[in-house]
Amino acid sequence: MAFGLLYDYLMGQCIDAYKYFGAHFEKRGDEYGVTFRLYAPCASDVSVIGEWNNWDVTKHKMNKIDICGCYELFIPNLCEYQTYKFHFKNKRGRYVDKADPFAFFSEYRPNTCSKLFSYEGFQWNDYDFMNKRTRNFDNALSIYEIHLGSWLGKIDGRNISYEEVADRLIPYVKEHGFTAVEIMPITQYPFDGSWGYQATGFYSVDSRYGNPKQLMSFVDRMHQAGIYVILDLAPAHFAKDSFALYDFDGDHLFEPKDPKRRISPWGSAYFDLGKDPVRSFLMSSMNYFATEFHFDGIRVDAVSNLLFIEGNKNLGRNEGAIEFLKRLNYHLHNRHSSLMMIAEDSSDFYGVTKPIEMGGIGFDYKWDLGWMNDTLKYYGTDPIYKKYDHHKLTFSMAYFYNENFLLPLSHDEVVHGKGTIINKMWGNYDQKFSLLRNLYTYQFAHPGKKLNFMGNELASFDEWNENKSLPWNLLDFPKHASVARLIRDLNLIYEAEDAMKFEEYNPEHFKWVMVDNCNDSVYAFERSVNKSKLLFIFNMTPNYYENYDIGCSFKGKYVELFNSDKDVYGGYNQYNGLPLKTTEFGPYGLPHKVTIKLASFGAIILKYKGAR
């Protein structure tokens, strides 16, 4: 078994490398201890050093067990949480101390040692959830993206634990109607400001918030509450800290040997995904979290930097990384049929969510960053000039059916001087709130899965800071609390209406009924599935209309499910209370129309109730 696993690892086809490499508690004969295994083909004179041998490099020399560069040693009578590193001579003849690339736990920064820990033996209670889990193609998928350390912030000067976050996060997510939580990277990383995207340990659970079994408890409790959990991982690059992966054995084991292709725009080191052992290393990391921690989805960061060399289309395709992504999605879907694979991709590379057998990359969903950029620019435009940018809200549907898109308003949009979501809205204080309510309604109305970063529901004017808690005091102010209620109600409608979720990547279920009314900047479209028939209307200007005609396909009666101008959302109650009856001859050649009251910056969802 070990030989076959090692062969697959070297050939770039292994997703179980963590079961072999690293430090594993086991019994040999009458002794119970830890077996250490290391892959370092250019290393020599390899030792395990740790607190049990006072870091003496002569005490525990490792045995080279094959010509490929694998080393092994069994040490009896060790226990969990003891710290260790590998000490060896690298290719350049220099002795170095390196953390275990497969360590399951690590010291909290600024300390850099690996820690002994067994991930086995956790008692799971999520059988029913795992048995019913799907990739949510025909279900509501509304994701709440969270940075664990700053959602609540520190308590008494210490980081909050995984379990403490779960205590408060579960009722909050359920109350606001989100169906999934996406946690920003929790693989061990040294610099707080990287938010986990520049990791040093790709199997080591972030010790800021607890140990691996505490993270398992977090996921288990989420599942018992019916909440999906998605893990954000960054396989494109890693931190250059000398104690970790960078220049590991003196021959650039993990990164490219070409110095021109080695360093990423973030100052980190690129993984060389043309190397088969590197592919196995990263695929096994993602499988480790999917298998041992029951994560329901993996969000792969910076996919554009994997599809194209340095993320630049002009430099050509990154064939080694493309092959890695195909293998990754093939192997993980083969092992976990209900696991969601999500690409954060800003490129126009075709086929990211197409099946591998059809020439695609094999992801389930792709972030629609084009939709995000166009939409936020449009909502920040003075209404006088919106007619010149009318296409910014219609263009997304021209390409929507090319991929399985997810609509993100993520952490990247509320940091580094970009302003928060509400700050991006045009207008004065009150107009910004009106447009924000309109924006969130548009996000939920538009086909595609949804993602919102924590705090979007608070309408904070202060950018997110990883060192501070969210401004929860804003919920004491009705204007802000009403936005949270609006998102809750949109989530509930999203969950209830098949037209907003079922077969949403099928163009038969979407129809523009007002697409080029640039003079009024009013948009309207229908989404219908079986008995669920919805009409969405958006007024993008401060103009108010007492009677406004909207064309529709169905004759009969409509009721207003939702109006963003209701006072419970902070609006002025310019809504349509009574059922609306259609009349003949709608605008733009449609057979019928409804005449509605349309509030300034209002967004409306009407539901068709039948011919009678």
Peer 1: Where is the tightest heavy-atom contact between Thr187 and Gly201, given as atom of each residue plus distance?
Peer 2: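 That closest heavy-atom pairing would be CB-O, 3.1 Å.
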Peer 1: Would you please name every residue forming a salt bridge (Lys or Arg N to Asp or Glu O under 4.0 Å) with Glu463, sequence neighbours left out?
Peer 2: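 Salt bridge (Lys or Arg N to Asp or Glu O under 4.0 Å) list for Glu463, sorted by chain: empty.
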Peer 1: Testing the 3.5 Å rule here: is there a donor-acceptor pair between the side chains of Asn438 and Tyr379?
Peer 2: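 Yes.
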Peer 1: Is any NZ, NE, NH1 or NH2 atom of the basic residue among Asp412 and Lys418 found under 4.0 Å from an Asp or Glu carboxylate oxygen of the other?
Peer 2: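 A salt bridge is absent here (no side-chain N lies under 4.0 Å from a carboxylate O).
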Peer 1: Can you find a side-chain donor-acceptor pair between Thr200 and Gln188 that sits under 3.5 Å?
Peer 2: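 No, no side-chain donor-acceptor contact under 3.5 Å.
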Peer 1: May I ask you to check if Lys501 and Tyr494 form a cation-pi contact, with NZ or CZ under 6.0 angstrom from the six-membered ring centre and within 45° of the axis?
Peer 2: no
Peer 1: Check whether any side-chain heavy atom of Phe444 sits under 4.5 Å from a side-chain heavy atom of Ser142, and report yes or no.
Peer 2: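 Sidechains of Ser142 and Phe444: in contact.
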Peer 1: Go through the structure and list residues passing side chain to side chain contact (heavy atoms under 4.5 Å, CB included) with Ile309, not counting sequence neighbours.
Peer 2: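 With neighbours one apart ignored, the set is Arg261, Leu315, Asn318.
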Peer 1: Can you find a heavy atom in the side chain of Ile143 that is under 4.5 Å from one in the side chain of Val181?
Peer 2: no
Peer 1: If you take all heavy atoms of Val300 and Pro235, which pair is closest and at what distance?
Peer 2: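 Answer, listing the atom of Val300 first, then Pro235: CG1-CG, 3.5 Å.
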Peer 1: Between His509 and Ser528, do the side chains contain a donor N or O and an acceptor N or O under 3.5 Å apart?
Peer 2: no
Peer 1: Taking Asp368 first and then Lys366, would you say they form a salt bridge - that is, a charged N and a carboxylate O separated by under 4.0 Å?
Peer 2: no
Peer 1: Please list, chain by chain and in numerical order, all residues satisfying salt bridge (Lys or Arg N to Asp or Glu O under 4.0 Å) with Glu504, sequence neighbours excluded.
Peer 2: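 Per chain and number, Glu504 pairs via salt bridge (Lys or Arg N to Asp or Glu O under 4.0 Å) with Lys449, Arg527.
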Peer 1: Between Asp389 and Lys386, does any NZ, NE, NH1 or NH2 come within less than 4.0 Å of an OD or OE carboxylate oxygen?
Peer 2: no
Peer 1: Could you tell me if the side chain of Tyr209 sits less than 4.5 Å from the side chain of Ser161, heavy atoms only?
Peer 2: no
Peer 1: Measuring only between side-chain heavy atoms, which start at C-beta, is Phe21 closer than 4.5 Å to Asp100?
Peer 2: no
Peer 1: What I'd like to find out is whether the side chain of Tyr365 reaches to under 4.5 Å of the side chain of Met340, using heavy atoms alone.
Peer 2: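 Yes, at least one pair of side-chain atoms sits under 4.5 Å.
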Peer 1: Do His237 and Glu255 have side-chain N/O donor and acceptor atoms under 3.5 Å apart?
Peer 2: no
Peer 1: So, for Ala17 and Ser284, which heavy atoms are closest and what is the spacing to 0.1 Å?
Peer 2: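 Between these two residues, the closest heavy atoms are N-OG, 3.0 Å.
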Peer 1: Using a strict cut-off of less than 4.0 Å between a Lys/Arg side-chain nitrogen and an Asp/Glu carboxylate oxygen, indicate whether Arg133 and Asp296 qualify as a salt bridge.
Peer 2: yes
Peer 1: Are the side chain of Asn373 and the backbone of Leu369 linked by a donor-acceptor contact shorter than 3.5 Å?
Peer 2: yes
Peer 1: Of all residues at least two apart in sequence or in a different chain, which pass the side chain to side chain contact (heavy atoms under 4.5 Å, CB included) check with Thr394?
Peer 2: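 If we apply the side chain to side chain contact (heavy atoms under 4.5 Å, CB included) test to Thr394, skipping adjacent residues, the hits are His390, His391, Trp512, Val515, Tyr523.
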Peer 1: Relative to the ring of His411, is the ring of Trp464 parallel (under 30°), tilted (30 to 60°) or perpendicular (over 60°)?
Peer 2: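 Ring orientation of Trp464 relative to His411: perpendicular.
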Peer 1: For residues 173-185, which residue pairs pass the side chain to side chain donor-acceptor pair (under 3.5 Å) check, not counting sequence neighbours?
Peer 2: none
Peer 1: List in chain and number order the residues that pass side chain to side chain contact (heavy atoms under 4.5 Å, CB included) with Leu152, two or more places apart in sequence or in another chain; answer none if no residue qualifies.
Peer 2: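 Partners of Leu152 under the side chain to side chain contact (heavy atoms under 4.5 Å, CB included) test: Ile160, Arg168, Trp472.
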Peer 1: Please name all residues satisfying side chain to side chain contact (heavy atoms under 4.5 Å, CB included) with Ala302, sequence neighbours left out, ordered by chain then number.
Peer 2: Ala236, Trp266, Asn305, Glu344
Peer 1: If we ignore angles and hydrogens, is there a donor and acceptor under 3.5 Å between the side chains of Thr134 and Asn139?
Peer 2: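 Short answer, yes.
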Peer 1: Kindly give the heavy-atom pair with the smallest separation between Ala234 and Tyr197, and that separation in Å.
Peer 2: CB-O, 3.7 Å
Peer 1: Please check if any side-chain donor atom of Glu495 sits under 3.5 Å from a side-chain acceptor atom of Asn491, or the reverse.
Peer 2: no
Peer 1: Distance-only check: which donor-acceptor pairs under 3.5 Å involve side-chain atoms of residues 350-362, not counting sequence neighbours?
Peer 2:
{"from": "Thr353", "atom 1": "OG1", "to": "Glu403", "atom 2": "OE1", "distance (Å)": "2.5"}
{"from": "Thr353", "atom 1": "OG1", "to": "Asn404", "atom 2": "N", "distance (Å)": "2.9"}
{"from": "Lys354", "atom 1": "NZ", "to": "Asn402", "atom 2": "O", "distance (Å)": "3.2"}

Peer 1: Does the ring centre of Phe395 sit less than 6.0 Å away from the ring centre of Trp371?
Peer 2: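 No, ring centres 6.0 Å or more apart.
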Peer 1: Are Arg327 and Glu323 within salt-bridge range, i.e. N to O under 4.0 Å?
Peer 2: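 So Arg327 pairs with Glu323 through a salt bridge.
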Peer 1: Do we see a donor-acceptor contact under 3.5 Å between the side chains of Asp128 and His223?
Peer 2: no
Peer 1: At what distance, to the nearest 0.5 angstrom, does CG of Leu215 lie from CZ of Phe105?
Peer 2: 10.5 Å
Peer 1: Considering only residues two or more places apart or on different chains, which pairs with a residue in residues 186-195 satisfy salt bridge (charged side-chain N to carboxylate O under 4.0 Å, His left out)?
Peer 2: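 Qualifying pairs, neighbours excluded: Arg109-Asp192, Asp192-Arg208.
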Peer 1: Looking only at heavy atoms, which two atoms of Ala199 and Phe238 are closest? And how far apart?
Peer 2: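 That closest heavy-atom pairing would be O-CB, 3.5 Å.
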Peer 1: Mind checking the CE-CG spacing from Met283 to Asp16? Nearest 0.5 Å is all I need.
Peer 2: 10.0 Å
Peer 1: I need the Leu273 CG to Glu319 CD distance, nearest 0.5 Å.
Peer 2: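 Interatomic distance, Leu273 CG to Glu319 CD, rounded to 0.5 Å: 13.0 Å.
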Peer 1: Just by distance, no angles: are the side chains of Ser106 and Ser204 close enough, under 3.5 Å, to form a donor-acceptor pair?
Peer 2: yes
Peer 1: Would you call Lys313-Asp348 a salt bridge at under 4.0 Å N-O?
Peer 2: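 Answer for the salt bridge query: yes.
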Peer 1: Is it the case that the side chains of Tyr270 and Glu310 hold a donor-acceptor pair, with the cut-off being a distance below 3.5 Å and no angle test?
Peer 2: no
Peer 1: Check whether the ring centres of Phe202 and Phe271 lie less than 6.0 Å apart, and answer yes or no.
Peer 2: yes
Peer 1: Just jot down the ring-ring contact (aromatic ring centres under 6.0 Å, His included) partners of Tyr505, sequence neighbours excluded, or say none.
Peer 2: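 With sequence neighbours excluded, Tyr505 shows a ring-ring contact (aromatic ring centres under 6.0 Å, His included) to Phe400, given in chain and number order.
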Peer 1: Regarding Ser264 and Ser268, is there a side-chain donor-to-acceptor distance under 3.5 Å anywhere?
Peer 2: yes
Peer 1: Are any of the side-chain heavy atoms of Ile422 and Val483 separated by less than 4.5 Å?
Peer 2: no
Peer 1: Kindly indicate whether the side chain of Tyr228, heavy atoms from C-beta on, has any atom under 4.5 Å from the side chain of Asn136.
Peer 2: yes
Peer 1: Are Ser460 and Asp462 linked by a side-chain donor-acceptor pair shorter than 3.5 Å?
Peer 2: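 No donor-acceptor contact under 3.5 Å links the two side chains.
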Peer 1: Considering only residues two or more places apart or on different chains, which pairs with a residue in residues 276-312 satisfy ring pair (Phe, Tyr, Trp, His ring centres under 6.0 Å)?
Peer 2: Tyr18-Tyr288, Phe102-Phe281, Phe104-Tyr288, Tyr119-Tyr288, Trp124-His294, Tyr203-Phe281, Tyr203-Tyr288, Phe254-Phe281, Tyr288-Phe293, Phe289-Phe293, Phe308-Phe349
Peer 1: Just verifying a value: how many Å separate Phe137 CZ and Phe502 CZ, rounded to the nearest 0.5 Å?
Peer 2: 13.0 Å
Peer 1: Find the distance between NZ (Lys132) and CZ (Phe129) and round it off to the nearest 0.5 Å.
Peer 2: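 Reported value, rounded in 0.5 Å steps: 10.5 Å.
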Peer 1: So, taking the atom named CZ in Arg488 and the one named CD1 in Ile493, what distance separates them when rounded to the nearest 0.5 Å?
Peer 2: 10.5 Å
Peer 1: What pairs of residues pass the salt bridge (charged side-chain N to carboxylate O under 4.0 Å, His left out) test when at least one of them lies in residues 435-444, not counting sequence neighbours?
Peer 2: none
Peer 1: Is Thr441 close to Leu439 at the side-chain level, that is, under 4.5 Å between some pair of heavy atoms?
Peer 2: no
Peer 1: We want to know whether His336 and Thr291 form a side-chain donor-acceptor pair, criterion being a heavy-atom distance below 3.5 angstrom.
Peer 2: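 On atom types as modelled, these side chains qualify, holding a pair under 3.5 Å.
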Peer 1: Considering all heavy atoms of both residues, which atom of Tyr399 and which atom of Gly370 are nearest to each other, and what is their separation?
Peer 2: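 Here Tyr399 and Gly370 meet closest at OH-C, 3.8 Å.
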